[in-house]
Amino acid sequence: MVLGLVVVAVAVAAQFMPDGRRNAEPNPQPPVVEPMVAVARNVTHAVRYELSGEHGARNITYVAQGAAIVQEREAATPWSKSFQRTGVEGGSEFYSVSAQGKKNGKLRCRIVVDDQVVSENESTGDQPMVTCAR
């Protein structure tokens, strides 16, 4: 009878012990982790290029909406161009305007993005040329 109790005790222990082979759970699988996809958000900026000077400007070249390069042959000063530009949030946008003065005298440029001046410059002298960029 004692021998029978020992056999039953060993059988029960084998069923419930963690290192027992009979009803032991299989190795658990690591959890499935799905990759995260980075989502780039677009932001729109209000851009304004400005030129001011005594005698007007010529060969005005600027980077416009969609990064297009635009050139205007001549313009009276003060001159300005405003547009919206869309880019990736946190990205680096390039803005540029350059021009030559029609005659001697000062010529100034300025770039304003979202109501903040991001670049300004001034030139004087014979056939002045000025460039603002960011």
Practice prompt. State plainly whether one hydrophobic cluster holds both Val70 and Val130, where clusters connect Ile, Leu, Val, Met, Phe, Trp and Tyr through side-chain heavy atoms under 4.5 angstrom apart.
Written response: yes
Response to the item:
Taking every heavy atom of Ala75 against every heavy atom of Ile60, the minimum-distance pair comes out as CB-CD1, 3.5 Å
Discussion item. Just verifying a value: how many Å separate Met129 CE and Arg58 CZ, rounded to the nearest 0.5 Å?
Written reply: 10.0 Å
Fill in: Crowding at CD, Gln84 (>12 non-hydrogen neighbours, <6.0 Å)
yes
Item to complete: Decide whether Trp79 and Val112 are clustered together by the hydrophobic rule: side chain heavy atoms of Ile, Leu, Val, Met, Phe, Trp, Tyr closer than 4.5 Å, transitively.
Response: no
Worksheet item: Atom OG1 of Thr44 and atom CZ of Phe83: how far apart are they, to the nearest 0.5 Å?
Response: 12.5 Å
Response to the item:
Distance col, row Asn59:CG vs Glu74:CD, nearest 0.5 angstrom, shows 8.5 Å
Response to the item:
Heavy-atom nearest pair, Pro128 first then Leu107, reads O-CD2, 4.2 Å
Response to the item:
Residue set satisfying side chain to side chain contact (heavy atoms under 4.5 Å, CB included) with Arg108, at least two apart, ordered chain then number -> Ser52, Lys106, Glu122
Item to complete: Keeping the roles fixed (side chain from Asn121, backbone from Thr131), state whether a donor-acceptor pair exists under 3.5 Å.
Response: yes
Fill in: Neighbour count >12 (heavy atoms, 6.0 Å) for atom CG, Asp115
no
Item to complete: Nearest 0.5 Å please: distance from the CD1 atom of Ile111 over to the CZ atom of Arg48.
Response: 11.5 Å
Practice prompt. Would you please test Gln71 and Tyr62 for side-chain contact (heavy atoms from CB on, under 4.5 Å) and show each step?
Written response: CA-CA 7 Å; Gln71 188 170 44; Tyr62 57 93; over 6 Å; no
Show every donor-acceptor pair shorter than 3.5 Å between a side-chain atom in residues 89-96 and any protein atom, with sequence neighbours excluded, or say none if there are none.
unit_1, atom_1, unit_2, atom_2, d
Glu89, OE1, Arg41, NE, 3.1
Glu89, OE2, Arg41, NH2, 3.2
Glu93, OE1, Arg85, NH2, 3.4

Fill in: Glu120 CD to Arg134 CZ distance, which is reported to the nearest 0.5 Å
14.0 Å
Worksheet, complete the sentence: OH of Tyr49 to OG1 of Thr61, rounded to nearest 0.5 Å, is 11.0 Å
Worksheet item: So, Ser80 side chain and Glu50 main chain: donor-acceptor pair closer than 3.5 Å or not?
Response: no
Discussion item. For a quick test of reading the model, state the closest non-hydrogen atom pair linking Thr77 to Gly56 and the distance between them.
Written reply: OG1-N, 3.2 Å
